[in-house]
Amino acid sequence: MTTSAIPFPTAETHRSKSVQRFAWAVLLYNVAVILWGAVVRATGSGAGCGEHWPLCNGTVVQHHPAIATLIEFTHRSMSGIALVAILGLVFWIFRAVPRRHLARTAVVVSLILTLNEALLGALLVLLGKVAHDQSLSRAVYLALHFTNTLLMLAALALTAHFLSRTRGFMHGSVEWRSPAIAITGLLATLVVGVLGSLAALGDTLYPATSLRDALMQDFSTHGSWLIRLRWVHPTLSLVAGAFLLWIVYAGLRIASNRILAFSVAGFLLFQYALGVTDVLLLARTWIQVLHLFGADLLWITVIVLSARLCIRPIGCTEGICL
């Protein structure tokens, strides 16, 4: 029997439009939580609740809070809602879809990474790696935190994507197609994102007063290593962009993937433009948040396009059976 004769179970029997929409909504809400986390870091509000976690300044209700306290307390509240939403998504998916559905695996990974996200965030606060702390350990924790954040977004994006498929959503009904370059591109994008978070930390801790001052800081032998690392981020972003262009090219060859492929290309160009603007405006808070928003959208679209290209239904030849 040839692989083309293998029957594909239809998704309509098991798939719920409501759980699909909820999965995409949880993903977008987590993007909002991440962006507010960038506001916390950029404004130096990470110590707004003191060295207390999960309570803020040791209490639940804040009386006459400072601006920094409001910013940090809002972030913690949003994070708590995100955890409840993901727990609800796990419960709903396990009720709505059959066993061996790929969305089950993806959402469990999402929950694990969300719990790890909370743990890393708690350690940043409890160990005092916030506000104006300039220690090497803070950068290490931040890099781990941002890596976990991107992996969590990837798992949530795959959860929503597999729920949205009409074919190739069950273990045993899919096969890998040419994953090497796609995985390399994803890893390169992940590294660029982590370096970008460290560059943003350097901008926060060592703000420049002018573009000339910023360039002198980058190449000074006496400045912080965070400042001297800033030029690596845009350099590696060009390398990662080359791999992403391969993913775009592969996507454009299949009609059903062209919108996603054009989206990846558009977000990539948008990110380059925001990066230049970020430098010219000396890393203002709003442009940092917008730059991170663009990075999140780029990451999510790359994840979904890579899944469509590399995790294919067995016997699918033209990409029309996703």
Side-chain angles (χ1 to χ4, degrees), residues 28 30-46 68 71 75 124 130-134 138-147 149-150 153 185-220 223-245 248 263-302:
L28 293 177
N30 274 271
V31 171
V33 176
I34 293 166
L35 296 180
W36 194 255
V39 174
V40 172
R41 191 260 314 142
T43 58
S45 302
I71 293 174
H75 180 57
L124 283 171
V130 291
H132 302 292
D133 180 77
Q134 301 178 4
R138 181 185 183 182
V140 173
Y141 274 107
L142 182 64
L144 290 174
H145 197 0
F146 197 76
T147 299
T149 297
L150 290 181
L153 282 183
L186 291 173
L187 289 176
T189 305
L190 181 66
V191 171
V192 170
V194 171
L195 288 174
S197 70
L198 294 178
L201 177 61
D203 290 330
T204 300
L205 295 177
Y206 309 100
T209 57
S210 66
L211 181 59
R212 180 177 178 274
D213 181 38
L215 293 174
M216 290 181 65
Q217 285 180 346
D218 287 348
F219 298 100
S220 172
S224 167
W225 67 274
L226 279 173
I227 297 298
R228 296 198 300 272
L229 189 67
R230 285 192 303 199
W231 67 271
V232 180
H233 171 59
T235 302
L236 286 186
S237 69
L238 296 175
V239 177
F243 286 102
L244 294 186
L245 288 178
V248 170
S263 297
V264 170
F267 285 138
L268 182 61
L269 292 175
F270 185 53
Q271 278 300 91
Y272 287 144
L274 286 176
V276 173
T277 306
D278 191 15
V279 173
L280 295 177
L281 296 181
L282 303 178
R284 302 285 181 87
T285 298
W286 68 269
I287 191 65
Q288 288 189 46
V289 173
L290 186 58
H291 197 15
L292 178 59
F293 181 54
D296 289 341
L297 293 180
L298 175 62
W299 175 249
I300 290 168
T301 52
V302 169

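Residue numbers start at 1 and run along the sequence shown.
A search for side-chain hydrogen bond (donor to acceptor under 3.5 Å, both in side chains) contacts involving Thr204 returns Arg41, not counting sequence neighbours. Residues meeting the side-chain contact (heavy atoms from CB on, under 4.5 Å) test with Leu297, sequence neighbours left out: Phe267, Phe293. Under the side-chain hydrogen bond (donor to acceptor under 3.5 Å, both in side chains) criterion, Thr147 pairs with no residue at all, not counting sequence neighbours. Scored by the side-chain contact (heavy atoms from CB on, under 4.5 Å) test, Ala283 finds Asp203, Asp278, Gln288 as partners (sequence neighbours excluded). For Leu142, the side-chain contact (heavy atoms from CB on, under 4.5 Å) test picks out Ser197, Leu198, Leu201, with sequence neighbours left out. Among residues two or more places apart in sequence or in another chain, the side-chain hydrogen bond (donor to acceptor under 3.5 Å, both in side chains) test is passed with Thr277 by none. A search for side-chain contact (heavy atoms from CB on, under 4.5 Å) contacts involving Leu187 returns Ile183, not counting sequence neighbours. Taking the side-chain hydrogen bond (donor to acceptor under 3.5 Å, both in side chains) definition, one finds that His233 meets it with nothing, sequence neighbours left out.
The structure places NE2 of His291 at 10.5 Å from OH of Tyr272, a figure rounded to the nearest 0.5 Å. Atom CG of Leu186 sits about 11.0 Å away from atom CZ of Phe243, to the nearest 0.5 Å. The CG atom of Leu298 sits 6.0 Å away from the CG atom of Leu268 when rounded to the nearest 0.5 Å.
For residues 188-197, there are no salt bridge (Lys or Arg N to Asp or Glu O under 4.0 Å) pairs, not counting sequence neighbours.
For the pair Trp299 (side chain) and Leu150 (backbone), a donor-acceptor distance under 3.5 Å is present.
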Using atom types as modelled, flag every donor-acceptor pair under 3.5 Å from a side chain in residues 188-196 to any protein atom, sequence neighbours excluded.
residue: Thr189; atom: OG1; partner: Gly185; partner atom: O; Å: 2.7

Show me the donor-acceptor pairs, under 3.5 Å and distance only, between side chains in residues 30-37 and residues at least two apart or in other chains.
residue: Asn30; atom: ND2; partner: Val26; partner atom: O; Å: 2.8
residue: Trp36; atom: NE1; partner: Ile71; partner atom: O; Å: 2.9

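A side chain to side chain contact (heavy atoms under 4.5 Å, CB included) with Val264 is found for one member of Leu269, Ile300, Val248 and no other, namely Val248.
By the 4.5 Å heavy-atom criterion applied to side chains, Leu244 and Gln271 are not counted as neighbours. Side chains of Asp296 and Thr149 form no contact here, defined as non-hydrogen atoms less than 4.5 Å apart.
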